[in-house]
Amino acid sequence: MVMKRALAILTLLIIGYWMASALANVPFGADKMLVAQYYLNHVKAQTGAVNAVTAVVVNYRGFDTLGEVTVLFIASTGVAALLWRKKRERTAETEGSIVLTTGARLLFAFIVLFGAYIFIHGHLTPGGGFPGGATIATAFLMLYLAFSAYEIPHRSFEVTEGLAGMGYVAVGLIGLAIGSYFLFDWIWQTWGWGHSNIGRLFSAGFIPVIYTIIGIKVGTELSGIVDSMVKEGGE
Amino acid sequence: MINELMIIIFTPLITGVIAWLLDIKGLREGISILGAAVPLAYLIQAHQTLTSQPSIQYSIVISGFKFEFLLYHLSWIFAMIAGVVGFAAVLGMASTTKDSYEWLFALMSLTGVYGIFLADDLISFFIFWEIMTFGSFMMVLKYNRKASLKYFLLSVLGAYSMLLAIGILYAKVGALDFTTIQQTLYQDAMRGVLGTNTLLSRNDMLLIFGLFLIAFGVKAGMFPLHVWAPDAYSETNQSYTAMFSGVLSKAGVYGMLVIYILLGTRLMYQFGRIGAAPKFGYVIAFLGGITIIVGGLLAALQEDIRKLFAYSSISQVGYILVGIGVGSALSIEAAIYHAISHALFKGLFFLIVATIVLRTGKTEFKDMGGLAEKMPITFAMTFVAILSLAGIPPLVGFASKWLLFEAVIHENMPILGGMIFFGSAIGFVYLIRFTYAVWFGQRPTDLDDTKDTPIPLAIAMGILALLNVVFGIAPGLVATELNKIFGKEIIKGTIWELNIGFGRYNGLLITIWLVTGIVIAGIIYFLGAKVRRVPVTDTYQGGNPVTMEYNLTIRRNFFLPLKETLAFWLRISFDRLYQDIGRWVEDLAETLRNYIYNGNVQAYAWYLAIILLILALWGV
Amino acid sequence: MNIGVYYFGAISLMLIGLYAILVKKNLLKILVGLSIMETGVNLLLISIGYIAGRSAPILSEGIGPNQAVDPIPQALVLTAIVIGVATTALALTVAINLYETYKTLNIEELRRLRG
Amino acid sequence: MITSMIGIALKAFLILLYATFVGFMFMGIIRIVTARIHRRVGPPIYQPILDTIKLLSKKSNITHGLIYDFGVLYALGATILALMFIPLGSISILRAYGDLILITFLLEIPMLGIMFAAMSSGNPWAGLGSQRALLTLLAVQVPLGFAIVALAEFYDTFSTYQIVMAQQTAGWSITYLPLLLAAVAYDIVLQAMFGKEPFDIMIAPGEISLGPMVEFGGKHMGILQIQHAIALFAETLFFSNIFLGGAVVTAFASSILNTLASLGILLIKQLAVLLIAIFIGAIFPRFTIDQAARFYWKWPTIIAAAGAILAAL
Amino acid sequence: MSQYASLLIALPLISAFFVPIIKAIGKKVVMPFLVLITAIQMGMATWVFNEVYTTGKPIIIMAGGFRPPVGINLYIGHFAALFVLIIAVASFFMAIFSMKAITVEPKDKYAMLSLLLMLGATGMISTGDIFNLFVFMEITAISAYALTAYNKSGEASEAAMKYIVLGGIGSSFFLVGIALIYGSLGTLNMAQIAQLAGQMNPTVAQAALAMLVFGLGVEAELFPLNAWAPDAYQAAPHPVTAMFSAFVVKAGLYALARILYLTHAVGSWGHILRLLIILGTLTVVIGEFSALRQTNVKRMFAYSSISQVGFIAVGFALGTQAGVSASIFHMVNHAIVKALMFMAVGYVALELGGVTLEDFKGLGKVMPLTAFAITVGAISIIGIPLFNVFWSKIQLILAAMKAGKSGVIALILGASLVEAVYYIRLIHLMWFEEGSRERTRIKENFVFGTIMLLLVALIIIIGVAPNMTWNIVQKASADIYNVAQYIKNVPLLPGVSP
């Protein structure tokens, strides 16, 4: 067994040395930007978003995020499919302590509000649809921890998930219909809303719209995953 | 319009498919016989055109390859062999096949053979080679898996070695059709002679020749690679074996000729000559010689009628290989002549075997006997076939064997000469073993009601027997065709006579004098007193009465003394060698798989790490 | 061959993750190793995008186009993290199923499919 | 055209008569000489002729079917055919086509005919005998083949007549070493073909009850005796032609005298060959069949192969 | 007008999201919905196919309206058009097959996952951006993990676990490769990377290329990296296995080839090719050897599929146009034959309950149509003329010989000899041996029968008249091999080059 560990360390050191020698030629702090420089110069004009990252995430490389959303959707359906049992119920015995239950009831609303804030202001402040959705999911997780009998409403969560996903693609298709390019930012480019108030809430074309959709979708999906993992499956 | 070459090649396959689809008892036999007859008719008709123009040409482009087909004298002769014996075999099959599966694959192998003889470029040659192998393999698969697997593996090994050789040629010469390859290799030889370095190096030529030798050796049943033939020939519908051994082994022989056509001069330049024969030819000849002896001796020791003829077919092909190996124009013509005669009498023999197996249902010698009275027509055909195979003067067997002996010995090759002589005697030996065990002696009671041959088989046998006799008495017919291959008059002499300078053979004269001899003997015979017919059991037994139950015969183990004398040699068997290799490969595969895919995800992760390590070490 | 601290950190995280996969016997530890590796890769991706002396790419008043760090790796990391989450979620579900059927997580015993 | 036909027929008949008569004389000589060696008187020289005539005139003959008769006829016919090919001085008919290989084959074919007849008789002993005959044939074939190969390569032709002509000028074949070896091997082979003592397993008297001849009687036996006689004559003639220089006498004026002289010379050579065979036959006990096969495949083959290789160089 | 081709990606996505809503309406509607969507996808794919092949110009879809290096572009050239059609057709057939083949309960989840698997593969084939390729690869991989474990049996979970662990390592290193490329070139668009690849620092280039090839190697099942494949093929539901071998592996192989030929300007290109040839030959040889004494027919077909994939990898690694076109032809043929074989095996498992050799004994009498389909598939895989795989095998062998790789070809021919052994044993088992227990003849499902006969007809048509397919394949290979043309086709924004 020791021989195996020594061998593993030796191989990993060689691989590490190899990667290090490759990375040495990619100097750490140097400005290697090419396409990125173009983004930085044109993000305000072409997308109206202050936060360049969200502009890149939603507008310039919108396709990636579409793929991204699908990955998460696959994860949640996969988990639901694999843990699906005929009869499933929660087997947590102990109710959360008094502090936890009351705290949960109180804090639930604020956490959800905070999550919503994150994904609505995605184009301005750091963070976007995904972190916002995740915070919402933590709110539901807290409820699961607190109450032994609490269950999220499956059917409605799955339907919202579906609707949110369809919404995202619909936005893209409208872009295709109007601007003849899939995922074309028809709010910013064609209708030209919010050109005036860059940096404020109602700006940056369809980024906030998409981020809200993503926020809701991620929130429902992650809580769905939590729900199917928590339950014990009977046969 | 569809070129006639295409019709010749593809009619059997198309009719085979139709017959397979229709699967109506009477109709499919008709269609298949038509399928075999049409190419034969076209070939005969092509004979006239060949007198006017040197060859019939046709080419077509499929998936990036330019396929060319050429019918000239040499391929016409081989195609005629395929046509005639094929037609006879198909006629024979009309009475021995039970379901349409066999029609499809028999005719597919016939298409394969036609394709091979008419192909003029390596790729179509290889494709039809594969079609032929596959068709004949499926015929054997139906009856016995082990035999068919052994056959398929060896012939696919041959096919793939041919493919490798084609690949090397394609890589070096860049073209695939025969004419360009022939020219480039010819110039290459000339370049070599002038001293400049050649396109193909010495071990390239060695590799190509070795690979082609294996490929064609397998199909022709040359000595070390003959192992599949006895099982494959015996484990299938016997009238198909007439085509299988009569025609398909000729594909291997034609392949050897292709080696001569394509690589002849180049190999001659590269490896030089021993005495008169080219060195590479001598290898073929020597292996052919050993095949004759091994095939013959093993044939004499067989207990199964089909196996006996399978080994005899191998040994006869050995003759042809010796002829080709010696390499002189006369010996190649003799080899092709023997190919024709072998196709004829071997086809006839297997049809006879088909009738016997069809009528008696038995294949072992010990169960048969005394069929001469019960099946007179078949026995007459057997008598003709025996005289022809054993090489008795008036029939075609002798003509081709005589030509072969003269050609080989004239090239003063003592060892080969000795081998051939020994081969001809073995011919006698296993034939008489066959005749004694099947036709003469006491007849077991259950064979009393055996009927004679069905009509289609009888016709088929009739055709082949007639050809045996005709070509025997008038060898000139075949000689004129053979001379057309080389253009010049190698075998002189009239239609009845073969005259090759240092030896003359006149078919007609011998027949006349043999008849007069027999007439004289007949006169003496009839001068004597009247003869009383006596049943078979009334024989001089030194006192003890011969009854049907107490059936004294030595059908089993007829050549026990021969087996004892050869005991030492019989222990070496290539068959067991190949089986051991097969088993060893499978065990290796088993351990390899269990060791590599051992199911442990960590081991798999280790494989990934090792690959990363290799990439790392390579890079740094 | 001086590589920045971040590169060194990222590479060592990946190697630790790989070490866990190669050596540990318990399936969950392997999955933990897998996610460590993924975080290592994400760290590497982010540190590639860093440009010395520049701040986050939010072009509010103070920061112009050439004061911002490279935004693309941050966008890519966002996707990579979510992919990491998805893979780990699925892996854990499979582990739950495995435990339910075979009552063990030691990969030495999880070798039904082999040969 | 017709006159030449009759001429040939007459000549053929004459050759046949002469060959049969001389053949029977040879059989008589064999009996007398062996007897003399065994210090007894032995039957008169014409005894075989009397036996054959007795056999032919036997009233009650039995037959086992068509093949049984045809086999015997075929054997005699083939021997007559072989006879016609071998050059007999200057009067042989098919001399131009007298090919070495053809004649060797024709001398072996009667064996096939006899085997056919014997086996079709249904008598198991006949089957056993024919198996032994075939094995001897097989054993004999190897040295015979090498001897013929040596001859063909030495003279570079296959036509017996040309070989005889070559020997007239260059002297007998056995004066050259390769052909001497071939001749020795061929002579041992002749021992079996004559059916003489060491290798006469197939037609040995003791074997009669077990040999192939067991079923033959009456006129079938008679015809076989005639066949044996002609075969004896043909084989000795062939040997003396190819190895002992044959006989082409042109000294005398008239052709009749020439032919008589050449026949005389040939007769002497044939007798010499016969006597050698008889002397060997009288001394040796009989081999068993596998001993014979092993013997033939050892010494005679080596001698003949050496001859063939030397001839080829 | 050509931008509507982006519906190829949008449609399966939107319908996947639509499935939970449909489930709310009616449980039984889900599977027909899946078949409908795959049918529409097939329609669109045919439209795109003849659009690309008639105009001769590739369709460039610019997501978000931004010109390539700025936005992500989908490059549907000759190859992508051909293969998107194959994926659509294969998933349509498998959707029909899974109507009956999938019995494990959450069928709506299955529908979603198989739609997204198809989406992932289509995305991988048509994307023009490296990171986007990574995302679509992950979509395919993760839906493949979920589908492998779908049966929830012990074996399925074990196979999925192995697939996830190995896939995870592979994709992480693929990402490191992308990071290195982005670090040194600053762009993610494939065309631009091909343009700038020459100026990359050699060690970085070697490392990046090696890692990309390593990452894709796991997905494209090269020898040591394919240890997960036999288990995944065996444990996955039957239609999923057919999809795996028909197009999921092919997408991985395509990505490998695309990246390989994009970076041909990189110094260490020769090394990587030689390594790939060695790995490819090892895959073929070990794949064939392991299939020799298999008792589970599905696992035997999995090994045979792996070895054919190895042969394709060797074809790509030859580095010549002939090699590339031959391997694409082999991909097309292999997809058809393997889809047929796995569907047939799946159907046998469905009807007779098992896939061991014992169940296959005497199949000819019990299910003649399926037995006939498997026999035709097996015969064409062995490489008998008049069947489709023969033509691509011949092209591959001659291309390799032209490239001077005769040793490799000798090994591969030896391996295909071994392949002939176990396929013939199977054929003989099916037709000429009697099963132990007496079984009456099963009335075979009409729809599955027609699909199988359609595929058999396709095999024989291509086998007898390969010209048409060969021209398509040659155009497709020019698409991959001819990188200069590829760069010209992609409308790069002038302002953004260094």
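Residue numbers begin at 1 in each chain, while the letters A, B, ... track the order of the sequences.
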>> Among E:S307, E:S304, E:S416, exactly one meets side chain to side chain donor-acceptor pair (under 3.5 Å) together with E:E288. Which residue is that?
In response: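 Testing each of E:S307, E:S304, E:S416 against E:E288, the sole residue satisfying side chain to side chain donor-acceptor pair (under 3.5 Å) is E:S307.
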
>> So, taking the atom named CG in E:L282 and the one named CZ in E:F289, what distance separates them when rounded to the nearest 0.5 Å?
In response: 11.5 Å

> If you round to the nearest 0.5 Å, how far is CZ of E:F214 from CG of B:L615?
Replying inline: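 Between B:L615 CG and E:F214 CZ, I get 7.5 Å after rounding to 0.5 Å.
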
Heavy-atom proximity to chain E below 4.5 Å, by part of [X]:
X	value
B:I62	both
B:Y160	both
B:L13	side chain
B:L592	side chain
B:F128	neither
B:F152	side chain
B:Y101	side chain
B:L157	both

So which of [options] has the biggest tally of heavy-atom pairs under 4.5 Å with chain E?
options	result
B:E130, B:E586, B:K172	B:E586
B:G167, B:S161, B:G174	B:G167
B:I596, B:L149, B:L612, B:V156	B:L612
B:N600, B:I131, B:L141, B:V585	B:L141
B:F126, B:Y607, B:F137, B:F134	B:F134

>> My understanding is that only one of B:L163, B:I166, B:I168 makes a side-chain contact (heavy atoms from CB on, under 4.5 Å) with E:M401; could you say which?
In response: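 Only one option passes, and that is B:I168.
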
> Which of parallel (below 30°), tilted (30 to 60°) and perpendicular (above 60°) describes E:Y145 and E:Y163?
Replying inline: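 The arrangement is perpendicular - the two ring planes meet at more than 60°.
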
> Parallel, tilted or perpendicular for B:F67 and B:F69, by the 30°/60° rule?
Replying inline: parallel

Is [X] close to chain B through its backbone or its side chain, or both, or neither, when contacts mean heavy atoms under 4.5 Å?
X	value
E:Q474	neither
E:K393	side chain
E:L417	both
E:I397	side chain
E:V285	neither
E:L166	both
E:I427	side chain
E:E433	side chain
E:A207	neither

Could you tell me whether the side chain of [X] and the main chain of [Y] form a donor-acceptor pair under 3.5 Å?
X	Y	answer
B:W103	B:T15	no
E:N467	B:V61	yes
E:N333	E:N388	yes

> Would B:K142 count as a cation-pi partner of E:F432, with NZ or CZ less than 6.0 Å from the six-membered ring centre and within 45° of the ring normal?
Replying inline: no

> Would E:K365 count as a cation-pi partner of E:W431, with NZ or CZ less than 6.0 Å from the six-membered ring centre and within 45° of the ring normal?
Replying inline: no

> Is there a side chain to side chain donor-acceptor pair (under 3.5 Å) between B:N594 and B:T591 once you walk through the steps?
Replying inline: CA-CA 5 Å; B:N594 288 338; B:T591 42; over 6 Å; no

>> With chain B as the partner, which of E:V421, E:L429, E:L225, E:L275 has the greatest number of non-hydrogen pairs under 4.5 Å?
In response: E:L275

>> Please rank E:I379, E:T469, E:I272, E:V473 by heavy-atom pairs under 4.5 Å with chain B and give me the top one.
In response: E:I379

> Which heavy atom in E:P230 sits nearest to a heavy atom in E:Y303, and how many Å separate them?
Replying inline: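 Shortest heavy-atom separation between E:P230 and E:Y303 comes out as CG-CE2, 3.6 Å.
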
>> Just checking E:F329 against E:W470, ring centres under 6.0 Å apart?
In response: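 Yes.
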
